[in-house]
Amino acid sequence: MSEPVYDITDDVKRDVLAATDLVQLIGATTSLKKAGRSWKGLCPFHGEKSASFHVHPDKGFYYCFGCGAKGDAITFVREIERLEFPDAVAYLARLAGITLPMRRSGTRVDRGKETRAAEALSLAAAFFRANLDGHPAARALLEKRGLTPEEGHAYGFGAALDAWDALKSALAPRVQEEALVEAGLLQKNPETGRVYDRFRNRLTIEIRDGRGEILGFGARAFGDDQPKYLNSPETARFSKGKLLYGLDRAKEAIRREDIVLLVEGYFDRIACERAGAANAVASMGTALTSSQIDLLARQAATVVVAYDGDAPGVAAAYKAFPLLLARGAHVRHLALPEGHDPDSFLAAHGPEALRAAIAGAPPLLETLLARIPVAGDEDPTERAARLREAADILTAAPDPVLRHELLSGLARGAGVPLSVLAPPTGKKTALTAVKPMSEASAPRHSIDLPEQEARVLAALLSEWPESARLAMRIPEDIFFHPVAKELLMAIKELPVGTGTLDFSQLTSHLGADAGPLAAELLLRQGNMGAENPGESGAKTGDKSGLSRIHIPLLQLKIRSLEETARGLQPEIQDAAAAGNLAGRDAAYRRKQSLVEEVRKLKAELKAETARRI
């Protein structure tokens, strides 16, 4: 008799999470105290003396502002108990008294939906591929990247047409609309109910699992449409945070070399293979998840991190180092010069130079030492910060012998006593910050986000899914901060039918800055609501928490329109100087129209403000 396994669907997962008391679960590991609507305590994932670990039971997630640990009850159990996903769900189900459905390994139990989704994705891939050769913009984009049409087909590229229902109409005779929605190929407008193609006017690329099965698509805009890159939404088959792009093509090379090369995007991974480094995989962004870390560590003994050479790419690499080290991986770092990524480096310097750069990627310790300023040459605070950063990364090594050797190498290379970097257990290192910033003096959020943008995003998150329709109506261009735009677009991609905000799913699509920001805004909003329970409705008696963002939304619209109007002034002056009176007058009329719209919005803002006093 084959060993039984759990049949864990999305509905089962939601039922288990809903039945789990997150505060009680985490409180059994670390002491928690009430702080507004959230709970606060010492982080169980890293040593600290000042509480920076928050639990938000209403939204079902935890977040540590010290080490960045975050997730839901399942994530917590996986990390604390070192369990795989099904076993973590079963652990929580037993605590909640829920009986999980079982199926025998290898049997086919109600595979209808999965089969239909697989068929829909396969047909969609064929449709996109068939459009490629006759699509000028798609071929031009591939040519710009140095790819021939034949290579485009080989790597799974295609083209989504500039139409709302091209794919929907093409597949209608063979696939039901419901199956196309479930596969993430169509999406429904929550306000109108209209169903339309998710991918429109974009270069598409197939995203496959390690076995080569298509699970979803990535898509790059041809023009200025936002977002520039769009992936399939989270479905029963596709979860970006659990996949490594290109693993199906890279497996043999990884097995042969026992080295896996981690890059950021699709084109970076393809560039590496074209240069002869077929062992490359892409994390599809810099928000590396614990599932991807586990997947990487299982593939090879050595992981070469080759994120973009610009500042965000280097910062993301340094966040990945301790995670990989903690999984027992031997880590190396490829930092390409002049801010290059593998794709641009290949175009500028050729395949031999890229192969040489990959082969010469230094070990982690050498990378960390190169970043530390020489004693006496720089501000000592900068040197101390880099030393502390390096020591914290190397301390993540689980093997005490390896950890000692790494820290000893750091001490020798930096000219610092080992006792300073690695004091006896329980004693404070000389590199430890003497006095952490108090919560009262800490910034409201980790990035310099305009207050109006923060208030709007906080309300959209805290009031989900009631805020879904409003979120869809908010244009990205009224937000100026790129991380705010990223978070708004991720909110728009959230599935509405789940009933509550799935924080783990949200953050799996966010970068290194947007994920922590989402946690901070949620915690901040919840605590403000607890301290000021009458605030959300103001004097209007409106019980919807969304009413509180009417004013900041008006302010953002006014700011955006004023910025656009100011941008027209040089156009007016240039047209007048060139004698283009028609162009001058057209630009002037556009500006006046914007000025009039601003005037009306300011009047509305004044009235709304007076109504709330």
Side-chain angles (χ1 to χ4, degrees), residues 2-48 51-105 109-110 234 236 239 241-242 289-291 293-294 326-327 462 464-465 494-495 497-508 515 518-519 522-523 526 530:
S2 58
E3 183 181 353
V5 295
Y6 302 109
D7 187 15
I8 300 173
T9 64
D10 286 343
D11 288 339
V12 170
K13 173 187 169 183
R14 282 194 290 269
D15 289 345
V16 170
L17 289 175
T20 299
D21 186 329
L22 189 61
V23 173
Q24 184 178 4
L25 174 72
I26 297 177
T29 303
T30 184
S31 178
L32 299 174
K33 293 183 178 180
K34 196 83 162 61
R37 287 184 180 173
S38 64
W39 295 70
K40 185 177 177 182
L42 296 177
C43 179
F45 299 106
H46 81 287
E48 62 177 3
S52 60
F53 185 80
H54 291 256
V55 180
H56 200 309
D58 291 346
K59 297 300 178 184
F61 78 95
Y62 62 85
Y63 183 78
C64 176
F65 292 101
C67 69
K70 61 182 181 294
D72 55 20
I74 297 172
T75 311
F76 184 81
V77 170
R78 289 191 67 186
E79 294 294 333
I80 294 294
E81 303 294 338
R82 299 297 180 189
L83 299 176
E84 293 298 319
F85 175 80
D87 297 319
V89 176
Y91 177 98
L92 292 172
R94 286 193 295 272
L95 291 180
I98 295 176
T99 302
L100 292 180
M102 308 285 285
R103 67 180 180 190
R104 296 189 184 278
S105 179
V109 180
D110 191 23
E234 293 284 311
S239 180
K242 297 177 182 178
T289 68
S290 59
S291 296
I293 292 285
D294 290 340
R327 299 303 197 278
S462 64
W464 188 266
L494 287 170
T498 56
T500 57
L501 176 68
D502 188 333
F503 182 76
S504 295
Q505 178 177 330
L506 172 68
T507 55
S508 71
L522 267 170
L523 290 166

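Predicted, not measured: the structure shown is a model, and the values here were computed from it.
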>> Quick check for you: to the nearest 0.5 Å, what is the distance between H54 atom NE2 and Y63 atom OH?
In response: 10.0 Å
>> For the OG1 atom of T30 and the CH2 atom of W39, what is their distance to the nearest 0.5 Å?
In response: 13.0 Å
>> For Y91 and L95: C-alpha separation, side-chain torsions, deciding distance, then whether side chain to side chain contact (heavy atoms under 4.5 Å, CB included) applies.
In response: CA-CA 7 Å; Y91 177 98; L95 291 180; 3.6 Å; yes
> Run the side chain to side chain contact (heavy atoms under 4.5 Å, CB included) check on R78 and F85 step by step: do they pass?
Replying inline: CA-CA 7 Å; R78 289 191 67 186; F85 175 80; 4.0 Å; yes
> From T20 OG1 over to I74 CD1, what is the distance, rounded to the nearest 0.5 angstrom?
Replying inline: 7.5 Å
> At what distance, to the nearest 0.5 angstrom, does CD1 of I98 lie from CG of L100?
Replying inline: 7.5 Å
> Is there a donor in the side chain of D72 and an acceptor in the side chain of T75, or the other way round, less than 3.5 Å apart?
Replying inline: yes
>> Rounded at 0.5 Å granularity, tell me how far CG in L92 sits from CG in L17.
In response: 7.0 Å
>> Checking the side chain of K13 only, and the main-chain atoms of V89 only, is there a donor and an acceptor separated by less than 3.5 Å?
In response: no
>> With side chain to side chain contact (heavy atoms under 4.5 Å, CB included) as the criterion, how do S52 and H46 come out once you've worked through the C-alpha distance, each side chain's angles and the decisive distance to 0.1 Å?
In response: CA-CA 10 Å; S52 60; H46 81 287; 4.1 Å; yes
> Taking all atoms of both residues into account, what is the closest heavy-atom pair of G60 and L22, and its distance?
Replying inline: C-CD2, 3.6 Å
> How long is the gap from CG on L32 to CZ on F53, to the nearest 0.5 Å?
Replying inline: 7.0 Å
>> side chain to side chain contact (heavy atoms under 4.5 Å, CB included), that's the test. Do T289 and K242 meet it? Break it down for me.
In response: CA-CA 7 Å; T289 68; K242 297 177 182 178; 5.9 Å; no
> Of the non-hydrogen atoms in A96 and A19, which two are nearest, and what is the gap between them?
Replying inline: CB-CB, 3.8 Å
> What orientation do Y62 and F45 show, parallel under 30°, tilted 30 to 60°, or perpendicular over 60°?
Replying inline: parallel
> Which pair of non-hydrogen atoms, one from P57 and one from S38, has the smallest distance, and what is that distance?
Replying inline: CD-CA, 4.4 Å
>> Ignoring hydrogens, what is the shortest heavy-atom contact between A93 and V16? Give both atom names and the distance.
In response: N-CG1, 4.0 Å
